[in-house]
Amino acid sequence: MTAKIIDGKEIAARIRTEIAADTAALVKQHGIVPGLVTILVGENPASQSYVSAKGKAAKELGFHSVQETVPAAIAEGDLLALVDRYNRDDSIHGILVQLPLPKHVNEEKVLLAIRPDKDVDAFHPVNVGKLVIGNPDFLPCTPAGIQELLVRSGAKLEGAEVVVVGRSNIVGKPIANMLLQKGKGANATVTICHTRTRDTAFHARRADVLIVAAGVPNAVTGDMVKEGAFVIDVGVNRVGTTASGKAKLVGDVDFEGASKRAAAITPVPGGVGPMTITMLMRNTLRAAQLRIRS
Ligand code: NAP
């Protein structure tokens, strides 16, 4: 079997077209323009490029987009005051504080300061709790992107054996929680593996859907993939440089080996990555739509 490639760029582009149409409708019918502020602390080059990609995507969709850049030495209290300013700004529906933050700033305190109804990353405990009880306002962006990739590429999730490798709060735990909920695009039987799991290969081999978010190249090899499985590789690992001097990226899955057995697989780059920013845009639109009800 040679796996079908799940094209994250193409699926993300389709979803952005849907978001643009819904945004235009929201503006026309209610005069509400979705507003997103990104807050970047310091000059970390990777963070700078993520933030500028988010700002660009927001502008392209017709959002009101604000980019705040503050020095790495900012006092925690000043950063909290900045967050609070946007909590009270009615033109802003989504607040995103780019992580990681400098060591002298308490990350948890800053994330807790964001109003849950503007928490478009869905990291606030209120939003985590709502997800777990099956009543979310926002889904965290990378897991939401994974679920969309699976649904739109035809994976059967109802009753499926899903194995998630990785238990982080931003990927592993939320995607596991989302796929075990009652409802469409879920209803799976979910197993989570981590570094203390006795035999990850044993679990992986019986997965109809295998989601790997370990942050380790080749954490999953071809022999760990069941024939006909859907494989989602979330990992982004920099391993040396390409001939053109750019960082060479690989995922967590041995792509070549896994492609011989899987029915469908995401590439790295071009799989999960393009979905994450798109889901942030969808959450910002949703935050603006929720304003109609309040
Ligand atoms: P993380 O916080 O480092 O968590 C990694 C998890 O994987 C941990 O739970 C760890 O177990 C588990 N793990 C590591 N090696 C393993 C192995 N060999 N077998 C079984 N479990 C193993 O990472 P993360 O934040 O979830 O990110 C994971 C990867 O996804 C990274 O490469 C990251 O760059 C990428 N990522 C991509 C996107 C995107 O938009 N494309 C978004 C987020 C993350 P323990 O808990 O026992 O340590």
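Remember, it's 1-based here, ligands and their atoms both numbered in the order they're listed. Starting from 1, each residue takes its place in the sequence as its number. Model, not experiment: these values are computed from the prediction.
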request  = Any chance you could lay out the side chain to side chain contact (heavy atoms under 4.5 Å, CB included) test for D233 and F255, step after step, and finish with the verdict?
outcome  = CA-CA 9 Å; D233 188 352; F255 182 81; 6.0 Å; no
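- The protein non-hydrogen atom at the shortest distance from atom 13 (N) of ligand 1 is T195 CG2, 3.7 Å.
- Both the backbone and the side chain of V234 come within 4.0 Å of ligand 1, judged by heavy-atom distances.
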Ignoring hydrogens and angles, write down the donor-acceptor pairs under 3.5 Å from the side chains of residues 22-39, residues two or more places apart or on other chains.
from	atom 1	to	atom 2	distance (Å)
T23	OG1	I19	O	2.7

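- Residue V216 has at least one heavy-atom neighbour below 4.0 Å for each of these atoms of ligand 1: 15 (N).
- Linking ILVMFWY residues whenever their side-chain heavy atoms come closer than 4.5 Å, directly or via other members, leaves L112 and I74 in distinct clusters.
- Considering only heavy atoms from C-beta on, I146 comes within 4.5 Å of V171 through its side chain.
- Only side-chain heavy atoms of I170 come within less than 4.0 Å of ligand 1; its backbone N, CA, C and O stay farther off.
- The nearest heavy-atom contact from the protein to atom 8 (C) of ligand 1 is R167 N, 4.0 Å.
- Heavy atoms of other residues, nucleotides or ligands lying less than 6.0 angstrom from CZ of R238 number 12 at most.
- S168 CB, 4.1 Å is the protein heavy atom nearest to atom 1 (P) of ligand 1.
- Contacts between T142 and ligand 1, counted as non-hydrogen atom pairs separated by less than 4.0 Å, involve the side chain only.
- Annotation for E227: atom CD counts as buried by contact number, over 12 foreign heavy atoms lying within 6.0 Å.
- Residue, atom and distance of the protein heavy atom nearest to atom 5 (C) of ligand 1 are A214 O, 3.4 Å.
- Scanning the protein for heavy atoms near atom 12 (C) of ligand 1, the closest one is G166 CA, 3.8 Å.
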inquiry  = Go through it in stages, so that I can follow the logic: the residues are R14 and E18, the test is salt bridge (charged side-chain N to carboxylate O under 4.0 Å, His left out), and I'd like the CA-CA distance, side-chain angles, deciding distance and then a yes or no.
reply    = CA-CA 7 Å; R14 246 192 293 151; E18 295 164 13; over 6 Å; no
Tabulate below the donor-acceptor pairs under 3.5 Å that side-chain atoms of residues 212-223 make, not counting sequence neighbours, or state none.
from	atom 1	to	atom 2	distance (Å)
T221	OG1	D223	OD1	2.6

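- At least one heavy atom of G273 sits less than 4.0 Å from an atom of ligand 1.
- Among R238, H194, R196, the residue whose heavy atom sits closest to atom 21 (N) of ligand 1 is H194.
- Using a 3.5 Å distance cut-off with no hydrogens or angles, the side chains of D137 and N127 do not pair a donor with an acceptor.
- Scanning the protein heavy atoms around atom 39 (C) of ligand 1, the nearest turns out to be T276 OG1, 3.8 Å.
- Checked against a 3.5 angstrom limit, the closest N/O atoms of V236 and ligand 1 fall inside it.
- Listed here is the closest heavy atom pair of I192 and A176: CD1-CB, 3.4 Å.
- When only non-hydrogen protein atoms are considered, atom 44 (C) of ligand 1 lies nearest to V171 CG2, 3.9 Å.
- At the shortest separation from atom 18 (N) of ligand 1 among protein heavy atoms lies A219 CB, 4.1 Å.
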